[in-house]
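The analysis underlying the following values was restricted to heavy atoms, covering all of them including side chains, and did not include hydrogens, waters or symmetry mates. For clarity, every value in this text was computed on a predicted model and none was experimentally measured. In listed order, ligands and their atoms are each counted from 1.
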Amino acid sequence: MCGIIGYISNEDGGNGRDDEHGGGERADGGPTGGGRALPVLVDGLRNLEYRGYDSAGVALVEDDAVAVHKQQGVIDDLALPDAHPATCGVGHTRWSTHGKPTDANAHPHTDCTGDVAVVHNGIIENYDHLRAELEAAGHAFSSETDTEVVPHLLEAELAARREAATDGGRVDEDGDAGGAESAADGDGEPVDDVGPYRTASTSGGFGDVDVVAAVEAVVDRLEGSYAVAVTVAGREELVVARQDSPLVLGLGDGANFVASDVTAFVEHTREVAYLEDGDVARVTGDAVDVRHDGAWVERDRKTVDWEAEAAEKGGYDHYMLKEIYEQPGALRQTLSGRIDEVAGDVDLDVDLPADVLADVEEIQLVACGTSYHAGLYARRLLEEFADVRVTVEVASEYEFTGGRDPWETLVVAVTQSGETADTLSAMRKAAKAGARTLAVTNTVGSTAAREADDALYIRAGPEIGVAATKTFAAQVTALSLLTVHVGRRRGALSSERASHLLENLRGLPGAVQQLLDASDRLQAVASEYVDEDAYFFVGRQLGSAVALEGALKLKEIAYVHAEGFPSGELKHGTLALVTEDTPVLTVLTEGARPKETLNNVKEVESRGAPVIGFSSYDAAANYLDVEIPIPDLGVLEPLVANVGLQLFAYHVANELGRAIDKPRNLAKSVTVE
Ligand code: G6P
C-alpha cells in the first residue's frame, strides 16, 4: 500500500506565486488552498506516511520539464529545494511491492523524455509483458518497478497522438518524432540518470495533445489494480485514473487535490468526490472533469467531518479496527496476478523450481507470535495438498538438529516485519547448516528478505496496530499460494484440486467481507461476555491454529486470561477450569473437524459454559449460545472465522478501555532475542 497526493492551484490562487518562500503558506506555517505545490505535497505525504514509508518523492511541473525529487527513506529525509514555483505536482510515499526500496525504485517514475511523471498505488499484473514490449521498441527503464511501464506507455501514446495531430509531421526542433527514440542518446540509454533531481525534457513537448484520452488508452492496457496520477511538462493539469485502488478528489477554492485518502488534504478542504473503478479524471485549479467508459460523468460531492487524526485512521477509532476492515483489500493484493486458474497453478515470483522442491524431504516453518500461528495453519495445508513432511517451530526454540539433511530441508521464516530477532536467528542457524531458506514477509528489503535465498511477499500493506490482524490473513493466504506452488511442482497436487483451492482463495476476500458485515453482532456478543473469569478458544486441525490466534489477540489487547488449544485437549485438564463464567469460543467449520469438535462443545455446554460458535456446521446450532455463521469456503473457513475472533477481541478490549493500538509491554517488532 502506498500513498498518493496530487495538487494543482490557479496561479493567482491563495497567496499567489510571488511569495519568497514558495507561496501558499498560512500564518501558522501550513499551506493554504492556493499557491505553490511543494509545501502542500510535502504536508500531504507526511499525513499519508502511515500507508507506507520506505521511500518518497515528488514531481513538480515546470514549463518544459517535470522536476523529480525522490529517494529511499522517510519523507523528512527527502532532499528538496527550499522553494519551487510549480503550482501543479504529485507526490508519493512507497511501501515496496516490486523492487527494493531504492532511489531508483521510488516514485514518481518518468518516461524516457522526462516530460511525463507518474505515481501509482497498486499492482500492474501484466507489467513484465508490457515492459518487454516497450524495451523492444527502444524504451530504457530505470527501475525494477511495475509502475514504470505507465510513463513509457504514456510517452508512446502522447507521441503517436502528437504525430497524428500534426499529420505525421515532426514537431520538435531536431525533427524527431518523439517516443522512445527521442529519449535515447543513441545507445538506448536515458538522457539523464534518474537521481534525486531530474529535469531532462527531450520530447520538445507534447503540445495540445489530449492527455486524458492518452491516459484512457494506456489504462486500457493495464491488468491489475491501480490508482495513478500523471503530470506532463508544461501542462497545468493532473490526470488520474483508478481501478481497485482508492482515489479521492479534494475540491478546494481555486485549488484541487487528489489523494489515496482524505488524510492527505483534510486540513485544506473537506469537500470531496470519490472516484469509481474505471474513472479517469482531469483536475485543474478550477475544475474536475470525470470520464467513465468514454463519457463525461458526475461524481457526488460529499463533505467529510473527520479531524486530521481521525482521517489517518480512515474514520476508525483505532488502527487495529481499520486494519481488520482492510483485510478484503489486503487479500486481493496478496493474490493479485499470482493465480493461473486455467492451469490450476500459481505464479509466485520465487525461485523454487521443481528440481529443488523434488529433493525436499521436509519443510520447517519457523516464526514467532501470530506468524507462528500462520505457520501452524500452513502446515496442515502443505501436508494435505503438497504431500510433504512439515514441522512448525517457535523460532526462539529452533535448532537445526535431529539428523536432518540440510540439502533435503527447506526452512521457511514467516515474519511480517522481517526483523524479528528470534526468527532471523533461526533462519541463520538453518542457513549455516546449509539448508535453503525462504522468507515469507510483508517488508521488501527487510533483513529476512535480504538474507534468505528467496522471499515471498504477503503484500498486506503497512500494519500500525501492534496486534497483527491483516498480516495474519495475508500470511496464511500467501502460504496457501506457496502450498499450490510446492504441490504442483512436486507432482503431488492435480490441477483440478489446485483449481478448487484457488477458487476458494479467490472467494476469500468476499467471505471476509461477510464477517466484517456482522461486526455489530460481534460487538453485542463482546458486550454480553466482557468481564468474565477467563476465555477458552478451541478447534481442531486448522481450527486449533485459529483458536491459538484468537486467544493471543484477546490476551494482547484486552489483558484478560485467554487460552487456545485443540478442543480434544479440553478433557485432559482445562475442563476443570470450565464454569459458567468462562466462555468457550469454538471453530466449527470445514478444516476444523466440526463433528469431533462438537463432542467437546457438548462437554463444556453441560457444565454451563457459554459457547460462542463460529460455524458452518448445521448440526452444532442446538449446542451454541451464540452462532456466528461462516460462509462455505473449504479449508479457508477457519481463516474467515478468525476475522470474527479478531472483532470479538477488539470489542472486548474497547469495552474495557484498553490502549488497543499500543498494548502495554508489547512491541510491533521485537528486535532482541
Ligand atoms: C511481536 C508482535 C506480534 C508478532 C510477532 C512476530 O511479538 O507483537 O504481533 O506476531 O512479534 O512478528 P513478525 O514481524 O516476525 O511477524
Identity and distance of the protein heavy atom lying nearest [atom]:
{"atom": "atom 4 (C) of ligand 1", "value": "Thr370 N, 4.3 Å"}
{"atom": "atom 11 (O) of ligand 1", "value": "Lys668 O, 3.9 Å"}
{"atom": "atom 14 (O) of ligand 1", "value": "Ser417 OG, 2.6 Å"}
{"atom": "atom 13 (P) of ligand 1", "value": "Thr420 OG1, 3.2 Å"}
{"atom": "atom 7 (O) of ligand 1", "value": "Val670 CG2, 3.8 Å"}

Exercise for the section: Please check if any side-chain donor atom of Glu655 sits under 3.5 Å from a side-chain acceptor atom of Ser527, or the reverse. Expected result: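 Yes - a donor-acceptor pair under 3.5 Å links their side chains.
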
Any non-hydrogen atom of [X] lying under 4.0 Å from ligand 1?
{"X": "Val466", "value": "yes"}
{"X": "Ala667", "value": "yes"}
{"X": "Ala467", "value": "no"}

Handout entry: From Leu522, Leu647, Leu554, residue fulfilling side-chain contact (heavy atoms from CB on, under 4.5 Å) relative to Val652
Key =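 Option passing the side-chain contact (heavy atoms from CB on, under 4.5 Å) with Val652: Leu554.
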
Practice task
Identify which one of Asp349, Leu348, Val350 satisfies the side-chain contact (heavy atoms from CB on, under 4.5 Å) criterion when paired with Val346.
Solution key: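 Among Asp349, Leu348, Val350, the one that satisfies the side-chain contact (heavy atoms from CB on, under 4.5 Å) with Val346 is Leu348.
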
Handout entry: Per-atom contacts of ligand 1 with Ser371, taking only distances under 4.0 Å to non-hydrogen atoms
Key =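 It comes down to these atoms of ligand 1: 10 (O), 13 (P), 16 (O).
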
Practice task
Show which atoms of ligand 1 fall inside a sub-4.0 Å distance from at least one heavy-atom site of Cys368.
Solution key: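 Every atom of ligand 1 under 4.0 Å from some heavy atom of Cys368: 6 (C), 10 (O).
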
Practice task
Nearest heavy atom to atom 3 (C) of ligand 1 wins, so pick from Glu556, Glu419, His373.
Solution key: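 Result: the heavy atom closest to atom 3 (C) of ligand 1 is in Glu556.
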
Exercise for the section: Please confirm whether the backbone N or O of Leu645 pairs with a side-chain atom of Lys553, one donor and one acceptor, at under 3.5 Å? Expected result: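 Side chain of Lys553 to backbone of Leu645: no pair is present.
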
Exercise for the section: Can you spot which of Asp359, Asp351, Asp345 makes a salt bridge (Lys or Arg N to Asp or Glu O under 4.0 Å) with Arg489? Expected result: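 So the option named by the test is Asp345.
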
Practice task
May I ask you to decide whether Glu596 forms a salt bridge with Arg540, counting only side-chain N to carboxylate O separations under 4.0 Å?
Solution key: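 No salt bridge links Glu596 with Arg540.
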
Problem - ligand 1 N/O within reach of Thr423 N/O, cut-off under 3.5 Å - result: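 N/O-N/O distance under 3.5 Å: no.
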
Handout entry: Intermediate values then yes/no, side-chain hydrogen bond (donor to acceptor under 3.5 Å, both in side chains), Ser96 and Arg94
Key = CA-CA 6 Å; Ser96 307; Arg94 179 168 186 245; 3.2 Å; yes

Exercise for the section: May I ask you to decide if the ring planes of Tyr535 and Phe648 are parallel, tilted or perpendicular, using 30° and 60° as cut-offs? Expected result: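 Ring orientation, 0 to 90° scale: perpendicular.
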
